[in-house]
Amino acid sequence: MRGLLWFPLLVAAVPRVFAQLPVEKIYGVNLGSWLVLEPWMLPQAWTNMGGQICSDCTQCIECEFDFAMAYPDTVDEIFADHWDNWFTQSDLQDLKNAGINTLRIPLGYWIVEALVERPEENYPRGGLEYLRRGLGWIRDAGMHAILDHHALPGVQTPGQMFTGRCTDDVQFYTPHNYHRALVWTAVMTTLSHLDPQFSNVFAIEAVNEPIMDAAQTPGYGDFQKNFVKTIRAIETLLGIRVPIYNPNLPGSLPTTNFTAALQQACSLSLFDADVVDALQDAIPILIGIGSQYGLSGTLTSEPFNSRRSPLVTSFMDVNWQYDNPPNPANAAIGPQGYDNHLYYSFGGVAAADPTAYMQSICNLQRIQNDAALGDSPLWFGEWGLSTQFVATDSFLKQWGDAQKWAYSQSAGWIYWNFKTEVSDLTNGTELARQWSYLEALSMGLLTQNPASYYDDNVCQPYINKTSSKSRSVPAAVLDAPVLNRSVPNNLPSPKLSAHGRRFMKKHHSF
Ligand SMILES: *[C@@H]1O[C@H](CO)[C@@H](O)[C@H](O)[C@H]1NC(C)=O
Ligand SMILES: *[C@@H]1O[C@H](CO)[C@@H](O)[C@H](O)[C@H]1NC(C)=O
Ligand SMILES: *[C@@H]1O[C@H](CO)[C@@H](O)[C@H](O)[C@H]1NC(C)=O
Ligand SMILES: *[C@@H]1O[C@H](CO)[C@@H](O)[C@H](O)[C@H]1NC(C)=O
């Protein structure tokens, strides 16, 4: 009986927190432009599909939404071809051979098709099948996956291809769209634990790159808390416990039909109202996915009793935002990790010259600054070799070494991107040289082994005396109380943070 399982946990010592991450150090790449297509990364393929390239993506067909609106009858078929070809098992093998252990997978809310409010919204259908296939490859290769909610319902930041819809009408920060994002979270959490294809998913990231000015993201702090509670509610029903989270469950919940267990938990209001609302709406979606993908047994009839660890909940770090941002550390219940993105090429980080880049990266304080606010472990979930100046190969080798060295002081790094197109529209390998991990490897700009360097002492000449003492994070810093901050470690302009639009503006002559 389930009740007998719960009871001892209420009184006994809570189990030790599991090792948070499945690897000692994250050496990862993003599977960008796969399930959320950013045309700037594959302009020729996008043009061939029927899309357009322009300097302001709100003004032409340069995102998935506008494409699906323009080609409602053929969009699914055209995208199926893209999903089939952009990321293949052979790509994964190349990454495995190169020592990559983690894949961050950018996803749109529309991968849960029932969340798309047609006909006002339109996106390609069928991505879940390809996600499941790819996750199966990742599992079989012994690699690990982060599901990254990259493109949110209502759009989380203006004028960016990576949100799936290039628009200045940002509607994510509203109750209705927070709700849809929680339903997405409930569905992805359930699949992560019950669909065998998902078994190497270890983390779900709530929101990729929200607007940096926290004054423009009302309710985001509450959403962070609800995101974690939604994941933990589902895990609790599956018998996966984390310390300090012990909702008072009756002993009579179903144990052989997960959607029935969800239904009963909702009718008994076992969780907070926002969480219950999300679980309630996830039930018919899970039943639909169950019948569509041959998972009815797992989701709606077989006994469920997951052997898995709790997922790592993940957020962009508090210093991603400024203007009194909510701190995601305050939302943590169980294992949680933080994500920071760093691109020098958009300006505002360091002067546009090699020495300034090296001085900046070799004295990076972001890990310490985040840890002081409780945002630890941190990883660098996006970075690359791009620069604001024409860089020589020998500089790019230093630049890759130095970034890897700096980010390795944290939980690790995830390169953007695993690949980009090589075509006339990208000036041959010019784009891939600074944005594609596989291309940089083959050009010899990054070492074959992600844990090694061309020069182990690459940062030595640049480390400032005063900051070198704080290279490693002292325990006292990790234990420091959470302080308020108003100074961002990023640029105070959301437009400057993003790669696609800026890249195309700068390079539209390609
Ligand atoms: C499992 O529960 C769902 C939701 O209550 C219900 O629709 C479905 O018929 C149940 N499945 C079985 C096999 O009883
Ligand atoms: C490091 O020192 C150089 C030279 O004094 C200075 O220009 C730079 O701003 C310093 N960088 C950091 C991150 O402290
Ligand atoms: C294209 O790339 C070459 C090097 O491969 C470079 O010399 C040239 O300036 C680039 N052209 C443009 C338009 O950026
Ligand atoms: C921190 O911010 C909170 C919420 O804005 C505020 O209530 C509190 O007074 C601040 N604390 C300090 C030390 O500034």
Side-chain angles (χ1 to χ4, degrees), residues 1-7 9 107 109-118 125-129 131-132 135-136 147 149 153 176 178-199 201 204 226-242 245-311:
M1 290 300 301
R2 189 142 287 254
L4 296 176
L5 288 175
W6 303 129
F7 181 68
L9 285 169
L107 298 172
Y109 76 94
W110 57 93
I111 198 135
V112 177
E113 286 161 25
L115 290 174
V116 177
E117 292 169 351
R118 297 170 193 278
R125 282 173 284 216
L128 187 56
E129 183 183 333
L131 174 62
R132 295 185 69 239
L135 287 173
L147 302 182
H149 204 173
H176 177 63
Y178 283 136
H179 167 74
R180 287 202 285 171
L182 292 180
V183 177
W184 185 96
T185 303
V187 170
M188 286 298 156
T189 303
T190 303
L191 293 176
S192 295
H193 285 300
L194 291 180
D195 181 350
Q197 298 296 107
F198 279 62
S199 56
V201 171
I204 302 184
N226 285 330
F227 170 83
V228 175
K229 286 177 182 170
T230 298
I231 291 176
R232 300 305 175 218
I234 285 180
E235 291 180 336
T236 297
L237 295 173
L238 288 167
I240 302 164
R241 312 300 303 248
V242 298
Y245 185 68
N246 289 303
N248 195 8
L249 296 175
S252 60
L253 289 173
T255 57
T256 56
N257 176 346
F258 185 63
T259 47
L262 275 180
Q263 200 150 54
Q264 192 162 334
C266 292
S267 67
L268 295 170
S269 287
L270 295 181
F271 308 110
D272 291 358
D274 287 340
V275 173
V276 167
D277 287 348
L279 299 185
Q280 191 87 58
D281 282 353
I283 294 168
I285 295 176
L286 286 166
I287 292 172
I289 288 174
S291 63
Q292 197 178 344
Y293 296 93
L295 292 168
S296 291
T298 331
L299 297 176
T300 68
S301 61
E302 283 163 16
F304 49 91
N305 101 43
S306 179
R307 75 236 159 273
R308 300 206 44 203
S309 312
L311 291 168

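Order of appearance sets the numbers: ligands from 1, and atoms from 1 within every ligand. Scope of the values below: all heavy atoms of this structure, side chains included, with no hydrogens, waters or symmetry mates.
Looking at atom 7 (O) of ligand 1, its nearest protein heavy atom turns out to be I287 CD1, 3.7 Å. With respect to atom 13 (C) of ligand 1, the closest heavy atom belonging to the protein is T300 O, 3.3 Å.
Considering W110, Y178, W184 as possible partners of H149, the one that fulfils the ring-ring contact (aromatic ring centres under 6.0 Å, His included) test is W184.
Counting only distance, with no hydrogens or angles, the side chain of R308 and the backbone of S192 share a donor-acceptor pair below 3.5 Å. Looking only at distances, a side-chain donor or acceptor of S296 sits under 3.5 Å from a matching main-chain atom of G290. Judged purely by atom type and a 3.5 angstrom limit, Q263 has no side-chain atom pairing as donor or acceptor with the backbone of I283.
Classification of the F304-F258 ring pair by plane angle, with boundaries at 30° and 60°, yields perpendicular.
For ligand 1, the atoms sitting less than 4.0 Å from at least one non-hydrogen atom of T259 are 1 (C), 2 (O), 3 (C), 4 (C), numbered in the order shown with element in parentheses. Under a 4.0 Å criterion applied to the non-hydrogen atoms of N257, ligand 1 contributes the atoms 1 (C), 2 (O), 3 (C), 8 (C), 10 (C), 11 (N), 12 (C), 14 (O). For ligand 1, the atoms lying closer than 4.0 Å to a non-hydrogen atom of Q263 are 4 (C), 5 (O).
Classification of E129 and R132 as a salt-bridged pair fails, no side-chain N sitting under 4.0 Å from a carboxylate O.
Considering backbone and side-chain atoms alike, S301 places every N or O at 3.5 Å or more from each N or O of ligand 1.
For atom 9 (O) of ligand 1, no protein heavy-atom neighbour is present inside the 4.0 Å cut-off.
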